[in-house]
Amino acid sequence: LSAGDGFSAEALARIEVQAAEVLEAAGRANPPSEQVRELGDVLLRWEANRFLQRNPSGRAEPTLPSSFAVFSMVSRLNHSCEPSADVGYMFQPLQSGSAVPDDGKCVVCATRDLKAGEALSI
């Protein structure tokens, strides 16, 4: 990913700083630039493919935090300014405030009739 992939030079620089901070926090003082770049690539993919998960109730409640998720299939859908589908979440935490793997799912629904073979986009 690069500035030409929809990320500004400022965003890329911010990600590299964050990657270096993560590596240093993990005990790698002055990490090699190659490691910083590799972790930066991972962080950029996270940034590009994550979905905001609202709090479990789906309502705006400032006391309940929001989080992010990456869905193995849905995160691969193409983005469009005129999407053909919408994304909905079914999020069922085990207990208030918990979020564990596989405790929810992401559902994609077409927002209009699609032609045979037409790609879904969100």
Side-chain angles (χ1 to χ4, degrees):
L1 296 173
S2 66
D5 293 323
F7 291 97
S8 67
E10 294 81 17
L12 293 172
R14 187 182 72 246
I15 291 290
E16 283 198 13
V17 167
Q18 290 172 348
E21 289 172 352
V22 167
L23 290 169
E24 288 171 8
R28 296 190 180 119
N30 302 315
S33 60
E34 182 178 317
Q35 284 184 347
V36 172
R37 259 192 318 279
E38 287 174 1
L39 182 55
D41 287 346
V42 170
L43 294 173
L44 283 171
R45 282 178 175 72
W46 166 258
E47 184 76 23
N49 294 294
R50 69 185 183 176
F51 286 87
L52 174 64
Q53 295 289 287
R54 305 243 184 256
N55 63 61
S57 72
R59 297 186 307 270
E61 297 178 35
T63 59
L64 295 174
S66 295
S67 58
F68 294 94
V70 173
F71 298 96
S72 60
M73 298 300 287
V74 178
S75 291
R76 297 176 187 198
L77 289 174
N78 289 326
H79 171 267
S80 174
C81 293
E82 296 179 19
S84 62
D86 196 14
V87 177
Y89 308 103
M90 293 181 186
F91 185 68
Q92 301 291 327
L94 298 176
Q95 59 186 357
S96 179
S98 75
V100 296
D102 299 325
D103 69 348
K105 58 184 161 183
C106 187
V107 179
V108 178
C109 296
T111 55
R112 57 181 169 78
D113 290 338
L114 301 174
K115 297 176 185 170
E118 183 178 353
L120 289 173
S121 61
I122 54 175

Inset, instruction - State yes or no: do Leu23 and Val17 share one hydrophobic cluster built from I, L, V, M, F, W and Y residues joined by side-chain heavy-atom distances below 4.5 Å, directly or via other members? - result: no

Inset, instruction - Check step by step if side chain to side chain contact (heavy atoms under 4.5 Å, CB included) holds for Ser75 and Arg50. - result: CA-CA 7 Å; Ser75 291; Arg50 69 185 183 176; over 6 Å; no

Inset, instruction - Mark yes or no for whether Ser121, through its side chain, and Pro83, through its backbone, hold a donor-acceptor pair below 3.5 Å. - result: no

Legend entry - Side chain Thr111, main chain Asp86, donor-acceptor under 3.5 Å: no

When rounded to the nearest 0.5 angstrom, what distance separates [atom1] in [X] from [atom2] in [Y]?
X	Y	atom1	atom2	value
Arg45	Ile15	CZ	CD1	12.0 Å
Leu43	Glu38	CG	CD	12.0 Å
Leu39	Glu21	CG	CD	11.0 Å
Ile122	Arg76	CD1	CZ	13.0 Å

Legend entry - Closest heavy-atom pair and its distance - Ala19, Val36: CB-O, 3.6 Å

Legend entry - Flag if over 12 foreign heavy atoms under 6.0 Å of CZ, Arg28: no

Inset, instruction - Using a 4.5 Å cut-off on heavy atoms from C-beta on, say whether the side chain of Glu24 contacts that of Pro31. - result: yes

